[in-house]
Peer 1: 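Next up is a structure, given as structure tokens.
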Amino acid sequence: MPSWIGAVILPLSGLLLSLPAGADVKARSCGEVRQAYSAKGFSLADIPYQEIAGEHLRICPQEYTCCTTEMEDKLSQQSKLEFENLVEETSHFVRTTFVSRHKKFDEFFRELLENAEKSLNDMFVRTYGMLYMQNSEVFQDLFTELKRYYTGGNVNLEEMLNDFWARLLERMFQLINPQYHFSEDYLECVSKYTDQLKPFGDVPRKLKIQVTRAFIAARTFVQGLTVGREVANRVSKVSPTPGCIRALMKMLYCPYCRGLPTVRPCNNYCLNVMKGCLANQADLDTEWNLFIDAMLLVAERLEGPFNIESVMDPIDVKISEAIMNMQENSMQVSAKVFQGCGQPKPAPALRSARSAPENFNTRFRPYNPEERPTTAAGTSLDRLVTDIKEKLKLSKKVWSTLPYTICKDESVTAGTSNEEECWNGHSKARYLPEIMNDGLTNQINNPEVDVDITRPDTFIRQQIMALRVMTNKLKNAYNGNDVNFQDTSDESSGSGSGSGCMDDVCPTEFEFVTTEAPAVDPDRREVDSSAAQFGHSLLSASLVCIVLALQRLCR
């Protein structure tokens, strides 16, 4: 019998430590493996100098081997760590995209609000001086609520804006009628007529449309960036199953045990292992792509009709325009309020309006639409959103292409050009099995990874649901709707904050009817403790003339 046949039979007969003298096939040296193993940071005490029989191996082929049990265990753990790092590194782009763009957008938006508030404050101080400062909390509250909405507060934008104009009307109504005392009940009656009287012209209606849909879009967009960031961070931290760990060990380090530490896995072999290990991540892809599409649609709105920058930058000018409308219509407004709410009681002591500064600035600065606020983000909204859109497009299909991205890495596989000289899981030869399709259900016949297709990963399913909820919010924001305030009894109506008025088309406001507001007894003696504080006018010098005219009419 030839000696090489004896060398093959010996392991099978249990004579594992002896070979016939002068055998043609000798136990090969493990020198190359020892060098590679040591380079990984492991102790050489674990590894033999020459191949030994491998019936003790649980994962790698049980042939002559350079691996002891301890080595197989350590290399198995090493393969798990390397896989986790590979997934995290490969998904690094999508994670940093959401982290950095969320930071930029949030930074831009917050500074935009700060700039708008400061601009309004500076302008109104110049125009009205102390008179504005005495009533500035009305405007401060407006910006406080806008910021609270943006940061996730439970704020109904439409109701909040209606309240702002009602409060402003109450303050101004007292200021244009300083000869009267108004009780809280009377002022409440005045505020009920805000919509019908239109004392501020069409500014409140238009501003409500612009602010609600722009803020809804901006807040939902930044929430989308947050959700994308969180999902990407969570999904990139994988926890491989025992079946996956076995497959990873077999692919990455069984070549060491076979004395082939420099031979890398075949590309198609790697794809099947990765598709089995990342089957649940691939199932995330469908919902992820829908989420990205919804983000891109809202981004287009932010560049166009829902541009928050074009709304907030001139908001001071728009509110000033509303105040001027009130000035011009003050006599008609007062007459209609007196008709509906009753004749008010004269004030105990009429203040003289002659103390108003003669050099009051009545001219408002013209708004230049080309002006853009200087922001910490260093860009206008248009350029910022364009940048975000480009990055979002690159993140589509990121989870289903993860196996391909990993297996293209030259440090992982032998590449597609070296299909004969690669590790196929058993030896250095071509890998023959077909490549599996993506997703959990397609892994039922995966030849490399034992995958239980009946048990989807609950963690991944939670991320799918988070994306689904966010996508629904983005779709509503695209239509100008805020799902937080939708009427659940009639979702199809799209009611809620920013629920309509698309393209400035809203239901026409009903006509003023005097019987709709409760009349107030003109003899009511309630004293408004704050009335005395409003002796100074919040209006420009032109208002002085109006007040004097009203005084003469009342004598």
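Please read all numbers here as calculations on a predicted model, not as lab measurements. Position 1 is the first residue of the sequence, and the numbers go up from there.
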Peer 1: Between Arg148 and Glu145, is there a side-chain N and carboxylate O pair less than 4.0 Å apart?
Peer 2: yes
Peer 1: Please report the C-alpha distance between Leu278 and Val238 in whole Å, then the side-chain angles of each, then the deciding distance to 0.1 Å, and finally whether the side chain to side chain contact (heavy atoms under 4.5 Å, CB included) criterion is met.
Peer 2: CA-CA 9 Å; Leu278 298 170; Val238 293; 4.1 Å; yes
Peer 1: When the ring planes of Tyr37 and Phe42 are compared, do they come out parallel, tilted or perpendicular, using 30° and 60° as the limits?
Peer 2: parallel
Peer 1: Between His102 (side chain) and Val227 (backbone), is there a donor-acceptor pair under 3.5 Å?
Peer 2: no
Peer 1: Would you say the side chain of Ile435 lies within less than 4.5 Å of the side chain of Asn272, judging by non-hydrogen atoms?
Peer 2: yes
Peer 1: Kindly compute the distance separating NZ (Lys389) from CG (Leu297), expressed to the nearest 0.5 Å.
Peer 2: 9.5 Å
Peer 1: Check whether the side chains of Asp382 and Ser380 place a donor and an acceptor atom closer than 3.5 Å, and report yes or no.
Peer 2: no
Peer 1: Could you tell me whether the side chain of Met295 reaches within less than 4.5 Å of the side chain of Leu225, counting heavy atoms only?
Peer 2: yes
Peer 1: I'd like to check Val211 versus Leu146 (side-chain heavy atoms, cut-off strictly below 4.5 Å). Are they in contact?
Peer 2: yes
Peer 1: Please check if the side chain of Asn233 supplies one atom and the backbone of Arg95 the other of a donor-acceptor pair under 3.5 Å.
Peer 2: no
Peer 1: Name the residue from Asp293, Val94, Asp387, Ile292 that meets the side chain to side chain contact (heavy atoms under 4.5 Å, CB included) definition with Leu392.
Peer 2: Ile292
Peer 1: Taking Cys60 and Cys257, which are both Cys, do their SG atoms fall under 2.5 Å of each other?
Peer 2: no
Peer 1: With distance as the sole criterion, is a donor-acceptor pair present between the side chains of Ser119 and Asp316 under 3.5 Å?
Peer 2: yes
Peer 1: Going by heavy atoms in the side chains, are Glu114 and Lys147 under 4.5 Å from each other?
Peer 2: yes
Peer 1: Counting N and O atoms only, with roles assigned by atom type, does the side chain of Asn442 sit under 3.5 Å from a partner on the main chain of Asp438, one being a donor and the other an acceptor?
Peer 2: yes
Peer 1: Can you tell me if Lys475 has over 12 outside heavy atoms packed within less than 6.0 Å of its NZ?
Peer 2: no
Peer 1: Looking at Arg205 and Asp195, does any basic side-chain N land under 4.0 Å from a carboxylate oxygen?
Peer 2: no
Peer 1: For Gln462, does the CD atom sit with more than 12 other heavy atoms under 6.0 Å from it, leaving out its own atoms?
Peer 2: yes
Peer 1: Answer yes or no: is there a donor N or O on one side and an acceptor on the other, between the side chain of Glu448 and the main chain of Tyr269, under 3.5 Å?
Peer 2: no
Peer 1: Please tell me if the side chains of Glu309 and Phe108 come closer than 4.5 Å, counting only heavy atoms from C-beta onward.
Peer 2: yes
Peer 1: Would you say Tyr256 and Gln78 are linked by a side-chain donor-acceptor pair, where the criterion is simply a distance under 3.5 Å?
Peer 2: no
Peer 1: Between Glu410 and Arg264, is there a salt bridge with N-O shorter than 4.0 Å?
Peer 2: no
Peer 1: For Lys237, is the NZ atom crowded, meaning more than 12 foreign heavy atoms sit under 6.0 Å from it?
Peer 2: yes
Peer 1: Does the ring of Tyr150 carry Arg110 above it, NZ/CZ under 6.0 angstrom from centre and within 45° of its axis?
Peer 2: no
Peer 1: Short question: side chain of Glu55, backbone of Gln62 - any donor-acceptor pair under 3.5 Å?
Peer 2: no
Peer 1: If I compare all heavy atoms of Gln50 with all of Cys30, which pair ends up nearest, and what's the gap?
Peer 2: C-SG, 3.3 Å
Peer 1: Could you go step by step and tell me if Asp73 and Arg58 meet the salt bridge (Lys or Arg N to Asp or Glu O under 4.0 Å) rule?
Peer 2: CA-CA 9 Å; Asp73 290 342; Arg58 295 186 299 275; 2.4 Å; yes
Peer 1: Please round to the nearest 0.5 Å and tell me the distance separating atom CG of Leu302 and atom CZ of Phe221.
Peer 2: 6.0 Å
Peer 1: Keeping the roles fixed (side chain from Glu88, backbone from Phe83), state whether a donor-acceptor pair exists under 3.5 Å.
Peer 2: no
Peer 1: Counting N and O atoms only, with roles assigned by atom type, does the side chain of Asn479 sit under 3.5 Å from a partner on the main chain of Asn481, one being a donor and the other an acceptor?
Peer 2: no
Peer 1: Do Gln210 and Lys318 have side chains that approach each other closer than 4.5 Å (heavy atoms only, starting at C-beta)?
Peer 2: yes
Peer 1: Decide if atom CG of Asn418 counts as having more than 12 heavy atoms of other residues, nucleotides or ligands within a radius under 6.0 Å.
Peer 2: yes
Peer 1: How long is the span from the CG atom in Leu161 to the CG atom in Leu142, to the nearest 0.5 Å?
Peer 2: 6.5 Å
Peer 1: Apply side chain to side chain contact (heavy atoms under 4.5 Å, CB included) to Leu381 and Phe109, showing your working.
Peer 2: CA-CA 9 Å; Leu381 181 66; Phe109 195 94; over 6 Å; no
Peer 1: Under the criterion side chain to side chain donor-acceptor pair (under 3.5 Å), which of Asn154, Thr212, Asp482, Asn156 is the partner of Tyr149?
Peer 2: Asp482
Peer 1: With distance as the sole test, does Thr471 use its side chain to make a donor-acceptor pair with the main-chain N or O of Leu467 at under 3.5 Å?
Peer 2: yes
Peer 1: Would you name the heavy atoms of Arg34 and Ile47 that are closest together and state the gap between them?
Peer 2: NH1-O, 2.9 Å
Peer 1: In this structure, are over 12 heavy atoms from other groups packed under 6.0 Å from Phe93 atom CZ?
Peer 2: yes
Peer 1: Asp46: which residues meet the salt bridge (charged side-chain N to carboxylate O under 4.0 Å, His left out) condition with it, sequence neighbours left out?
Peer 2: Lys74
Peer 1: Could you state the interatomic distance from CZ (Arg234) to CZ (Phe459), rounded to the nearest 0.5 Å?
Peer 2: 6.0 Å
Peer 1: So is Arg213 actually on top of Phe306's ring, under 6.0 Å and inside 45° of the axis?
Peer 2: no
Peer 1: Within the side chain of Arg301, is there an N or O that forms a donor-acceptor pair under 3.5 Å with the backbone of Tyr478?
Peer 2: yes
Peer 1: Mind checking whether Leu248 and Glu82 have side chains closer than 4.5 Å, heavy atoms only?
Peer 2: no
Peer 1: Tell me the closest heavy-atom pair linking Val412 and Pro265, and the distance in Å.
Peer 2: O-CD, 3.0 Å
Peer 1: State, yes or no, whether a side-chain contact exists between Trp423 and Tyr431 at a heavy-atom distance under 4.5 Å.
Peer 2: no
Peer 1: Quick one: do Lys208 and Glu158 make a salt bridge, cutoff under 4.0 Å?
Peer 2: no
Peer 1: Please confirm whether the backbone N or O of Glu287 pairs with a side-chain atom of Arg468, one donor and one acceptor, at under 3.5 Å?
Peer 2: no
Peer 1: Search all heavy atoms of Ile52 against all heavy atoms of Cys67 and return the closest pair with its distance.
Peer 2: CD1-O, 4.2 Å
Peer 1: Apply ring-ring contact (aromatic ring centres under 6.0 Å, His included) to Trp288 and list each qualifying residue two or more places apart in sequence or on a separate chain.
Peer 2: Phe98, Phe291, Trp399
Peer 1: Please indicate whether Lys391 has more than 12 foreign heavy atoms, meaning atoms of other residues, nucleotides or ligands, lying under 6.0 Å from its NZ.
Peer 2: yes
Peer 1: How close do Glu303 and Asn307 get, heavy atom to heavy atom, and via which atoms?
Peer 2: O-ND2, 4.0 Å
Peer 1: Could Lys397 and Asp285 be called an ion pair, given the rule that one side-chain N must be under 4.0 Å from one carboxylate O?
Peer 2: no
